[in-house]
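Hydrogens, waters and symmetry mates play no part in the numbers below; they use all other heavy atoms, side chains included.
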Amino acid sequence: MSKKTLVKITVNGQQTLHAQFEDNAATQQLINQMPFTINMDNLYSREMCHRYGHGALPTKEARDTGYQVGDISYWPPMGSLVILYAQNGEVFDQQPIGHVDGDVSFFSGINSAKVTFALDD
């Protein structure tokens with residue numbers, strides 16, 4: 001069984017979410033930078049997205065797969081870190097990062113947000 005890292009995600013300094021990050025090279029790179037704050041934009045009525053740029057994170061475990069609401073993934077072609085808050089059935093190449101434990105549907109009403117990722121005590 002792989003080790004999971006607990007992460008606290010704070011949205012606009014108000015909403016707090018808790019996530020479990022997978023154990024892989026991409027998540028380790030993000031964990032090593034914590035705490036960090038990024039701007040995320042609402043895209044495609046399904047995800048909050050921050051574009052780091054192609055090649056920003058390792059993608060050895062990337063695969064074409066579907067997703068669940070609450071998944072946190074990295075999309076290699078644009079180097080996009082995404083929190084998926086709605087389902088449209090799409091399958092795409094993604095590097096699994098983690099999963100938010102709880103309701104993420106509130107993202108549908110947000111155009112952009114400052115999102116802080118930190119280790120969860």
Original post:
Going through the checks in order, is the side-chain contact (heavy atoms from CB on, under 4.5 Å) test met by D23 and T5?
Top reply: CA-CA 7 Å; D23 183 15; T5 300; over 6 Å; no
Subject >> Worked check of side-chain contact (heavy atoms from CB on, under 4.5 Å) between Y67 and Q94 >> reply: CA-CA 9 Å; Y67 66 91; Q94 56 183 297; 4.2 Å; yes
**OP:** Decide yes or no on side-chain contact (heavy atoms from CB on, under 4.5 Å) for M40 and I83, but give the supporting numbers first.
**Re:** CA-CA 9 Å; M40 298 188 88; I83 301 172; 4.0 Å; yes
**OP:** Apply side-chain contact (heavy atoms from CB on, under 4.5 Å) to the pair I38 and L81, showing each step before the final yes or no.
**Re:** CA-CA 10 Å; I38 55 176; L81 181 67; 3.9 Å; yes
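Every residue two or more places apart in sequence or in another chain was checked for a side-chain hydrogen bond (donor to acceptor under 3.5 Å, both in side chains) with N12, and none qualifies. Judged as a side-chain hydrogen bond (donor to acceptor under 3.5 Å, both in side chains), and not counting sequence neighbours, the contacts of Q28 are N32. For Q14, there are no side-chain contact (heavy atoms from CB on, under 4.5 Å) partners at least two apart in sequence or on another chain. Under the rule for a side-chain contact (heavy atoms from CB on, under 4.5 Å), N111 has no partner lying at least two apart in sequence or in another chain. Listed by chain and residue number, F36 satisfy the ring-ring contact (aromatic ring centres under 6.0 Å, His included) test with F117 (two or more places apart in sequence, or in another chain). Scored by the side-chain hydrogen bond (donor to acceptor under 3.5 Å, both in side chains) test, S112 finds no partners at all (sequence neighbours excluded).
The heavy-atom pair separating A118 from M34 by the smallest distance is C-SD, 3.8 Å. Across all non-hydrogen atoms, the minimal contact from A86 to S45 is CB-O, 3.7 Å. Shortest non-hydrogen contact noted between V11 and L17 is CG2-CD1, 4.4 Å. The minimum heavy-atom distance linking N24 with P96 is given by the pair ND2-O, 3.0 Å.
Contact check for T27 versus V7: no side-chain heavy atoms found under the 4.5 Å cut-off. The side-chain heavy atoms of L6 and F21, taken from C-beta on, include no pair separated by under 4.5 Å. Residues L30 and Y52 have side chains in contact (heavy-atom distance under 4.5 Å, counting atoms from C-beta outward). For the pair V82 and M48, the minimum side-chain heavy-atom distance is 4.5 Å or more.
Hydrophobic side-chain contacts under 4.5 Å tie Y44 into a cluster, directly or through other members, with L43.
If you check the side chains of T116 and T37, you find a donor sitting under 3.5 Å from an acceptor.
Residue pairs meeting the salt bridge (charged side-chain N to carboxylate O under 4.0 Å, His left out) criterion with at least one partner in residues 40-51, sequence neighbours excluded, are R46-E90. Residue pairs meeting the salt bridge (charged side-chain N to carboxylate O under 4.0 Å, His left out) criterion with at least one member in residues 67-89: none, sequence neighbours excluded. Among pairs with a residue in residues 7-17, none fulfils salt bridge (charged side-chain N to carboxylate O under 4.0 Å, His left out), at least two apart in sequence or across chains.
Taking CD1 of I97 as the start and CH2 of W75 as the end, the distance is 15.0 Å to the nearest 0.5 Å.
In the hydrophobic clustering of ILVMFWY residues, with side-chain heavy atoms under 4.5 Å counting as a link, F92 and I72 come out apart.
Judged by distance alone, with hydrogens and angles left aside, the side-chain atoms of H50 form a donor-acceptor pair with the main-chain N or O of N39 at under 3.5 Å.
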Throw together a table of side-chain donor-acceptor distances under 3.5 angstrom for residues 54-63, partners on residues two or more places apart or in other chains.
unit_1, atom_1, unit_2, atom_2, d
H54, ND1, P76, O, 3.0
E61, OE1, Q95, NE2, 3.4

Side chains of residues 100-108: which donor-acceptor partners sit under 3.5 Å, not counting sequence neighbours?
unit_1, atom_1, unit_2, atom_2, d
D101, OD2, Q20, NE2, 3.3
D103, OD1, S105, N, 2.9
D103, OD1, S105, OG, 2.8
D103, OD2, S105, OG, 3.2
S108, OG, S105, O, 2.9

